[in-house]
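Naming convention: chains lettered A, B, ... in sequence-line order (proteins, then strands); numbering from 1 in each chain. Owing to the predicted nature of the structure, the values given are computational and were not obtained by experimental measurement.
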2 protein chains.
Amino acid sequence: MRSVPTTPAPEPAEPAEPAPAAEPRVPGRSRARGEQTRQLILDTALRLFRERGFAETTMRAIAKEAGVAVGNAYYYFDSKEHLIQGFYDRNQAAHAAAAAPLLASEKDFAARLRGVLHAGIDVNAPYHAFAATFFKSAAEPTSPLSPFSAESSPAREAAIAIFRDVVEGSSVKVDPELRRELPELLWLGWMGVVLFWVYDRSPGQRRTRRLIDGAVPLVDRLVHLSRLRVLRPALRQVLSLLELVKAD
Amino acid sequence: MRSVPTTPAPEPAEPAEPAPAAEPRVPGRSRARGEQTRQLILDTALRLFRERGFAETTMRAIAKEAGVAVGNAYYYFDSKEHLIQGFYDRNQAAHAAAAAPLLASEKDFAARLRGVLHAGIDVNAPYHAFAATFFKSAAEPTSPLSPFSAESSPAREAAIAIFRDVVEGSSVKVDPELRRELPELLWLGWMGVVLFWVYDRSPGQRRTRRLIDGAVPLVDRLVHLSRLRVLRPALRQVLSLLELVKAD
DNA sequence: CCGCCTTCCTGAACGTGTTCAACTATGACG
DNA sequence: CGTCATAGTTGAACACGTTCAGGAAGGCGG
């Protein structure tokens, strides 16, 4: 033990930390005492998921490895599946970061799209085995992990923003009405690629790479064709169907 | 009594059953003694799934309701999720049956497709709440319940057969190469509709109905456009991408 | 120093899906 | 009828995710 036990030390008793810096220090919720524990649990969980797989990692193992009680994990995370949301957010940020350099330099639409898609697969590649299992959770419509859920809304918006950048930062000429819908459509296509990737059991997931390389020129061609007069009605039909289906 | 007890009776000794009729009677696996139990368990399970939901129905409840031990259910079904395969098969057959009358009379491609899609939703409608949960299982790529798995291959082939009928029984004129691939493509589209339906929380799943009504004319138009010269290269591109992606 | 509140943390206990060694029924063979 | 193998059946036991009543920690007002 250190210092006097009889008097309340006037200093906040910060032992030897390198200054907590810009911590807002909310009255009710004081400093990030537990935030550290939260991160510890999350880090441990994601590491074990990667090492052993999702189903094979028990909550007891996570708690033991992190040096806390099993109930403590449930103080910070509602369920085992909620631990995945952390993975989700991290990879979303990593995807944006990985795509940034290309989006800053390249101007060609197809090249931008292709780069973003491959970057997304690159970022997720280490987690392919794990993703297949966790996808099970994300697929349930009622789950907060669903990419369409309200809880995922921030992550979804961030993802769509990448594709908005793909479109708006490019020199491509598109039908203006399509241009407005394109980012969301591309994101939906990206979800399809992810779905394919999750199911892709080929070595190194090369089928997914092929799919991207084959689909991008196709999308590029279709986007260019969108200004063709013969296809006007068909395009209108597609767009109005989108509206119809999104409503309610 | 009749005949000598010391000699093996020449007749096979069939007590008092009302003639088992055309039962093949395989040597190793004799009559369907346990097949009855199997059906009892499956019926009970599906009923409880419908009444209470999938997650809320415990294996113990199924066993108790069926009047058997819990272990007995596992003698016939590898897991709780495997009970779903039964649901899967039954609805597949119901879909084919529901679509049959229309496919026998209607000749117009769009009408045939539309009818088949709506029939599929009709058949599955009573199970919408339950399907959302069970979809979680089907989504896992490694699961035998996945529509792409080897175990689901018979059901998948049967489903594709419906769409082959849609194409071949219609008077539509299509690019011959596309015509060959069309059934599988339509099945894939149907999987997409099901995916949408599972996520559809609108009252009566009317958004799914709208999607079908909107998408069918679109597909019809695209199929007709497939013979247009300007679109030949694009079509070739789509088809070769399909080949590329299906390989390995 | 003393209560007192909130945040943080604990581990036993509950209900679940699943397994398994043991038991019973059934029919085939001599 | 006796014997034996196989199909069918049992329920206790296991490991898991999750819950919960309660305890510790750390500040805050007196």
Could you state the [atom1]-[atom2] distance from [X] to [N], rounded to the nearest angstrom?
X: A:Lys64; N: C:dC9; atom1: NZ; atom2: C1'; value: 19 Å
X: B:Met59; N: D:dT10; atom1: CE; atom2: P; value: 13 Å
X: B:Lys80; N: C:dG15; atom1: NZ; atom2: C1'; value: 12 Å
X: B:Ile41; N: D:dG8; atom1: CD1; atom2: P; value: 11 Å
X: B:Leu83; N: C:dG17; atom1: CG; atom2: P; value: 11 Å
X: A:Phe77; N: C:dC8; atom1: CZ; atom2: C1'; value: 14 Å
X: B:Ile62; N: C:dT18; atom1: CD1; atom2: P; value: 10 Å

Does [N] have its OP1 or OP2 closer than 4.0 Å to a side-chain nitrogen or oxygen of [X]?
X: B:Thr37; N: D:dT9; value: yes
X: A:Tyr75; N: D:dT19; value: no
X: B:Asn72; N: D:dG8; value: no
X: A:Tyr74; N: D:dT19; value: no

Inset, instruction - Taking all non-hydrogen atoms of both residues into account, name the closest pair between B:Arg50 and B:Pro126 and its distance. - result: CG-O, 4.3 Å
Inset, instruction - For the pair B:Phe49 and B:Tyr127, evaluate ring-ring contact (aromatic ring centres under 6.0 Å, His included) and give the outcome as yes or no after the intermediate values. - result: CA-CA 9 Å; B:Phe49 289 164; B:Tyr127 300 94; 9.9 Å; no
Inset, instruction - Could you check if a side-chain atom of B:Leu211 sits within less than 4.5 angstrom of a side-chain atom of B:Arg206, using non-hydrogen atoms only? - result: no
Legend entry - Parallel, tilted or perpendicular, as decided by the 30° and 60° cut-offs, for the rings of B:Trp190 and B:Phe163: tilted
Where the side chain of [X] is concerned, which of [options] is the nearest nucleotide?
X: B:Val70; options: C:dG17, D:dT18, C:dT19; result: C:dT19
X: A:Tyr76; options: C:dC8, D:dG17, D:dG11; result: C:dC8
X: B:Ala69; options: D:dG11, D:dG17, C:dT16; result: D:dG11

Legend entry - Position toward the 5' end of DNA chain C (nearest nucleotide), A:Ala73 or B:Thr58: A:Ala73
Inset, instruction - Assign each of A:Gly67 and B:Phe54 to its nearest nucleotide of DNA chain C by heavy atoms, then name whichever residue's nucleotide is nearer the 5' end. - result: A:Gly67
Inset, instruction - Give A:Val68 one of three labels, base, sugar-phosphate or nothing, depending on what nucleic acid heavy atoms sit under 4.0 Å from its own. - result: sugar-phosphate
Inset, instruction - Look at the side chain of B:Arg60 against the base of C:dG15 and say whether a donor-acceptor pair falls under 3.5 Å; ignore hydrogens and angles. - result: no
Inset, instruction - Assess whether side chain to side chain contact (heavy atoms under 4.5 Å, CB included) is satisfied between A:Leu83 and A:Met59, documenting all intermediate values. - result: CA-CA 11 Å; A:Leu83 283 164; A:Met59 291 300 281; 4.2 Å; yes
